[in-house]
Amino acid sequence: MARKYEEEKDDRGGVFLKYLLFVFNFLFWMGGAAVIAVGAWTLMEKSGYINFLATSTLAVSAYILLFAGGMVMVTGFLGCGAMIREHKGCLSVYLSILISVYAAELAAGVLAYLYHETISEELKQNLNKTMVETYAEPAKKHITNTIDHLQQDFHCCGSDSFDDWRHSKYIGSALSEDRLVPDSCCKTKTLYCGRRDHPSNIYRVEGGCITKLEEFIQEHLLLIGAVSIGIACLQGREGGFL
């Protein structure tokens, strides 16, 4: 009788543990979805601005998140199957992958926070150079489009100020057609509106784009770092790593 009671107790304990693992697995899966969303958002939302950076750390952090999130979602299904079948080998693989993903998410978070400190100097070195040397170059149409979107989106003109365009290859060439700044500097963008650089016509007093772009990228990096480390810690605590 006592043995039967113990067996029933063990069965109840096993069922409880299985459901608990299902709950943890669901939370892992949701965390993976959140990580993928942040990584995809970083690469898709204003992704062209990565062209202004000398290093690809921002993109690398986002790709790490996409990889880690994808692995979590795939292994989530593996974990469910392993728990249903009570396959110890699959559970071991599941645990190993989760540990690897946990490490990858932590790496992406730390990388984002470290890079956050150096973004200002990197932009100072590259944004003005990119604008002055590559705008309207036939082989650099994607960069030209990115610069136009940057100036329109952030209501700015030039890197530090509208005056930066005076030193650009584009303004000094016949391609400018007597423009003083690109048309994308205009508050109301129309063809040839860049021929007038009066404050009523262009983003002159609003300042250059470097400060606004720096704030935008830093916000992305902080978000990547916070989400990566936060979800990694949550998964680590649930998985028993912390």
Side-chain angles (χ1 to χ4, degrees), residues 37-63 112-113 115-225:
V38 172
W41 175 64
T42 300
L43 291 174
M44 295 173 65
E45 180 78 5
K46 322 293 188 190
S47 60
Y49 298 159
I50 295 173
N51 293 320
F52 300 133
L53 305 175
T55 62
S56 57
T57 308
L58 177 60
V60 168
S61 297
Y63 282 121
Y113 274 120
Y115 189 53
H116 170 267
E117 300 298 327
T118 64
I119 193 71
S120 178
E121 189 59 33
E122 188 169 327
L123 280 176
K124 287 178 182 177
Q125 294 175 359
N126 291 280
L127 182 57
N128 185 62
K129 181 180 179 182
T130 302
M131 287 183 165
V132 169
E133 295 183 1
T134 63
Y135 187 84
E137 289 291 310
K140 302 288 186 179
K141 287 185 178 180
H142 64 291
I143 293 181
T144 300
N145 291 334
T146 299
I147 292 173
D148 285 337
H149 284 302
L150 171 68
Q151 295 190 138
Q152 284 289 294
D153 288 350
F154 292 120
H155 297 171
C156 56
C157 185
S159 177
D160 292 304
S161 74
F162 79 99
D163 199 49
D164 294 333
W165 285 110
R166 294 184 183 181
H167 311 290
S168 73
K169 292 180 180 179
Y170 167 68
I171 295 300
S173 70
L175 288 173
S176 68
E177 298 181 276
D178 297 324
R179 290 179 177 85
L180 300 176
V181 293
D183 291 342
S184 57
C185 279
C186 298
K187 295 178 179 179
T188 302
K189 185 180 176 183
T190 57
L191 187 63
Y192 303 125
C193 66
R195 288 176 174 175
R196 290 180 61 246
D197 61 0
H198 192 272
S200 64
N201 185 53
I202 68 169
Y203 296 114
R204 179 166 175 167
V205 297
E206 288 81 357
C209 299
I210 189 167
T211 302
K212 297 178 180 180
L213 181 58
E214 180 184 341
E215 291 174 356
F216 172 81
I217 294 178
Q218 284 180 336
E219 286 174 1
H220 270 64
L221 288 170
L222 286 173
L223 181 60
I224 289 176

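These figures come from a predicted structure and were not determined experimentally.
To the nearest 0.5 Å, the span separating CG on Asp183 from CG on Asp148 amounts to 8.0 Å.
Without hydrogens or angle criteria, Thr134 side chain to Met131 main chain gives no donor-acceptor distance under 3.5 Å. Under the 3.5 Å distance criterion, the side-chain polar atoms of Asn128 are left unmatched by any main-chain donor or acceptor of Ser159. Ser168 places no side-chain N or O within 3.5 Å of a backbone atom of Val132 that could act as its donor or acceptor partner. Asp164 places a side-chain N or O within donor-acceptor distance of the main-chain N or O of Ser161, the cut-off being under 3.5 Å.
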Apply the test side chain to side chain contact (heavy atoms under 4.5 Å, CB included) to residues Ile210 and Asp160: give CA-CA distance (whole Å), side-chain angles for both, the deciding distance (0.1 Å), then the verdict.
CA-CA 6 Å; Ile210 189 167; Asp160 292 304; 3.6 Å; yes
Show your reasoning for whether side chain to side chain contact (heavy atoms under 4.5 Å, CB included) applies to Cys209 and Gln151.
CA-CA 7 Å; Cys209 299; Gln151 295 190 138; 3.8 Å; yes
Evaluate Tyr170 against Glu137 for side chain to side chain contact (heavy atoms under 4.5 Å, CB included), listing each step before the verdict.
CA-CA 8 Å; Tyr170 167 68; Glu137 289 291 310; over 6 Å; no
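What you find for Phe162 and Val181 is that their closest heavy atoms are O-CG1, 4.1 Å. Cys186 and Tyr203 get closest at one heavy-atom pair: O-CE1, 3.5 Å. When all heavy atoms are compared, the tightest approach of Gln152 to Cys185 is NE2-N, 4.4 Å. When all heavy atoms of Lys187 and Ile202 are compared, the pair lying nearest together is CE-O, 3.2 Å. In this structure, Ser184 and Tyr135 approach most closely via the heavy-atom pair OG-OH, 4.3 Å. Residues His155 and Glu206 come closest through the heavy atom pair O-CB, 3.4 Å.
Taking the six-membered ring for Trp, Phe154 and Phe216 have ring centres closer than 6.0 Å.
The neighbour count for Lys212 NZ, taken as heavy atoms of other residues, nucleotides or ligands under 6.0 Å away, is above 12.
Using a 4.5 Å heavy-atom cutoff, the side chains of Thr130 and Ile143 are in contact.
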Just distance, no hydrogens or angles: give the donor-acceptor pairs under 3.5 Å from side chains in residues 188-197, sequence neighbours left out.
unit_1, atom_1, unit_2, atom_2, d
Tyr192, OH, Glu177, OE2, 3.4
Arg195, NE, Glu177, O, 3.0
Arg195, NH2, Glu177, O, 3.1

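The pair Glu133-Lys140 fails the salt-bridge criterion, with no side-chain N (NZ, NE, NH1 or NH2) lying under 4.0 Å from an Asp/Glu carboxylate O.
Asp163 is linked by a salt bridge (charged side-chain N to carboxylate O under 4.0 Å, His left out) to Arg166, counting only residues two or more places apart in sequence or in another chain.
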